[in-house]
Amino acid sequence: MKILLIGCGGREHAMAWKIKQSPLCAHLYTAPGNPGTAECGENVDLDIMDNPAVAAFCLQNKIDLVMVGPEVPLANGIVDDLKRSGIAAFGPVQDAAQLESSKPFSKDFMRKFNIPTAEYAVFSDAKQAKEHISRINYDFVIKAGGLTAGKGVYLPESLEEARQIIDSIMLEKQFGEAGNEIIVEERLQGPEISLMAFADGNTAVAMIPVQDHKRLLDGQKGPNTGGMGAYAPVPFCSKHDIQSMMENIILPAVNGMKELGTPYLGILYAGLMLTDQGPKVLEFNCRFGDPETQVVLPLLASDLVQIALDCISGKLATASVAWKEQSAVTVVVASANYPGQIHKGIQINLPQNENQHEIIFHAGTAMQKGKLVTAGGRVLNITGIGEDLPKAINTAYQTVSNVHFDGMQYRTDIGKGASLND
Ligand code: AMP
Ligand code: GLY
């Protein structure tokens, strides 16, 4: 098969790495890709927000399957347009992707189908939102309603700060149209995990649970980031826990989407907080997590391409989805000053001899005059695999110690607490 993968981050390098191993894959294109995906196939310079251009490329190059990494093209209806051109694509259609692209849709959906989540109210008027927060007497979170690349969630410390946040989202339009509506949501407490599942419109199969580390510095300090590392599986999440999350969260979501007439096909990602009252959904995402994928796919024993095809043909119930009895840890190596303004174009030195227990996934890298250089905030995702978590941690950090670029920063405690906190 000729496969086109959409995206260019660490998640997409992990997807490309896994797709490449499939006996079904004859040729892999990645658009636009990065130097890591270029090692797994051929990068193509396509505008992934231009659906007709992507469809035309697929028809010209006889692409058999499109795999979509990021949420933005999904919210932009790439799967709808590919389907209209008769091209098989793995991912939700635009209406189904609303589970991520519209928090008001997602929250109302959870309420309608009794999926446990934080109490909330939706506002399209800043004045009403401000009146609401001065009335309620519990801690709350403010979220922009639309897509914000993970930047639209605030945990204000005071009412004054909360009012400023509302103004900046709704009046100053910090996130543009994505701030037309906001959610004011009850603040929950507890450890967080990410549970992703394959879905074929009718049913879903869980992946292994992952814990992401969102704060910049060790010991959950510093600002929130796109994610500084992750590990899987999560020791405090038993098979029984996963089964109950499937029964109470993922399967009701798949059934609910079907009932609404927008069957959910693709990856369904639930960001969960394990509260005293049980797991509650913080958010749904309509795609693989980043950096969760960089630990999940190295542990997937089955063929990702076959699973995607089984989902597309509605045969997930009989698909083989098996996991290795190992652990994986990914450490994000970031540019100096990330998540603030960063310098690009700094030369990166990578170790020459990788082995099967370590994988260096590229995220924000580029080739410049034949040299590998930094090209983003999060530069590399270094995954270690081992028979248990301590061994995986060791391997990951040993590899990190052989990587160098000026100003590189990373957390030294990824997976180390295996902790009840991130
Ligand atoms: P989200 O993008 O909605 O997952 O939110 C980003 C981060 O904000 C989450 O990983 C949590 O750490 C935090 N968060 C979101 N919603 C809540 C909530 N209702 N209560 C407490 N923390 C939250
Ligand atoms: N790791 C969080 C996300 O992919 O949204």
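Indexing begins at 1, ligand by ligand and atom by atom, following the structure's order. Excluded from the calculations below are hydrogen atoms, water molecules and symmetry mates; all remaining heavy atoms, backbone and side chain alike, are included.
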Partner residues of F57 under the ring-ring contact (aromatic ring centres under 6.0 Å, His included) criterion, sequence neighbours left out = Y29
Expected rows: ligand 2 N/O, protein N/O, dist below 3.5 Å:
unit_1: ligand 2; atom_1: 1 (N); unit_2: D212; atom_2: OD2; d: 2.9
unit_1: ligand 2; atom_1: 1 (N); unit_2: D290; atom_2: O; d: 2.9
unit_1: ligand 2; atom_1: 1 (N); unit_2: E292; atom_2: OE1; d: 2.8
unit_1: ligand 2; atom_1: 1 (N); unit_2: E292; atom_2: OE2; d: 3.1
unit_1: ligand 2; atom_1: 4 (O); unit_2: R287; atom_2: NH1; d: 2.9
unit_1: ligand 2; atom_1: 4 (O); unit_2: D290; atom_2: N; d: 2.9
unit_1: ligand 2; atom_1: 5 (O); unit_2: N285; atom_2: ND2; d: 3.2
unit_1: ligand 2; atom_1: 5 (O); unit_2: R287; atom_2: NH1; d: 3.4
unit_1: ligand 2; atom_1: 5 (O); unit_2: R287; atom_2: NH2; d: 2.9

So for V153 against ligand 1, with non-hydrogen atoms under 4.0 Å, the contacting part is side chain
Residues in salt bridge (charged side-chain N to carboxylate O under 4.0 Å, His left out) with E185, at least two apart?
-> K107, K143
Could you tell me which atoms of ligand 1, counted from 1 in the order shown, lie closer than 4.0 angstrom to a heavy atom of K143?
-> 3 (O), 15 (C), 16 (N)
With backbone taken as N, CA, C and O and side chain as the heavy atoms from C-beta onward, which portion of K151 lies under 4.0 Å from ligand 1: side chain, backbone, both, or neither?
-> neither
Does ligand 1 have a heavy atom under 4.0 Å from the side chain of K214, from its backbone, from both, or from neither?
-> side chain
Within a distance under 4.0 Å of any heavy atom of E186, pick out the atoms of ligand 1 and give their elements.
-> 18 (C), 19 (N), 20 (N)
Atoms of ligand 1, numbered as shown, that sit under 4.0 Å from any heavy atom of K103 | 3 (O)
Geometric N/O contact L155 with ligand 1, under 3.5 angstrom | no
Proximal atoms of ligand 1 relative to E283 (non-hydrogen, under 4.0 Å) = 1 (P), 2 (O), 3 (O), 4 (O)
Does the side chain of L350 come within less than 4.5 Å of I360's, by heavy atoms?
-> yes
Within-4.5 Å side-chain heavy-atom neighbours: L272 and S194 | no
At a 4.0 Å cut-off, with the gap strictly under it, does some heavy atom of Q189 reach an atom of ligand 1?
-> no
Which residues satisfy the ring-ring contact (aromatic ring centres under 6.0 Å, His included) test with F123, sequence neighbours excluded?
-> H132
May I ask you to test the R287-P70 pair for a side-chain heavy-atom distance under 4.5 Å?
-> no
Going from CG on L268 to CG on L99, what distance comes out if it is rounded to the nearest 0.5 angstrom?
-> 6.5 Å
Below 4.0 angstrom from a heavy atom of E185, which ligand 1 atoms are there? Numbered from 1 as shown, please.
-> 16 (N), 17 (C), 18 (C), 19 (N)
Side-chain heavy atoms of I242 within contact of L195, under 4.5 Å | yes
4.5 Å side-chain heavy-atom contact, L5 and L28 = yes
Classify the contact between R187 and ligand 1 as side chain, backbone, both or neither, using a heavy-atom distance cut-off of under 4.0 Å.
-> both
Any side-chain heavy atom of F236 within less than 4.5 Å of one from P191?
-> yes
Pairwise side-chain contact, K214 with E192, heavy-atom cut-off 4.5 Å (strictly under) = yes
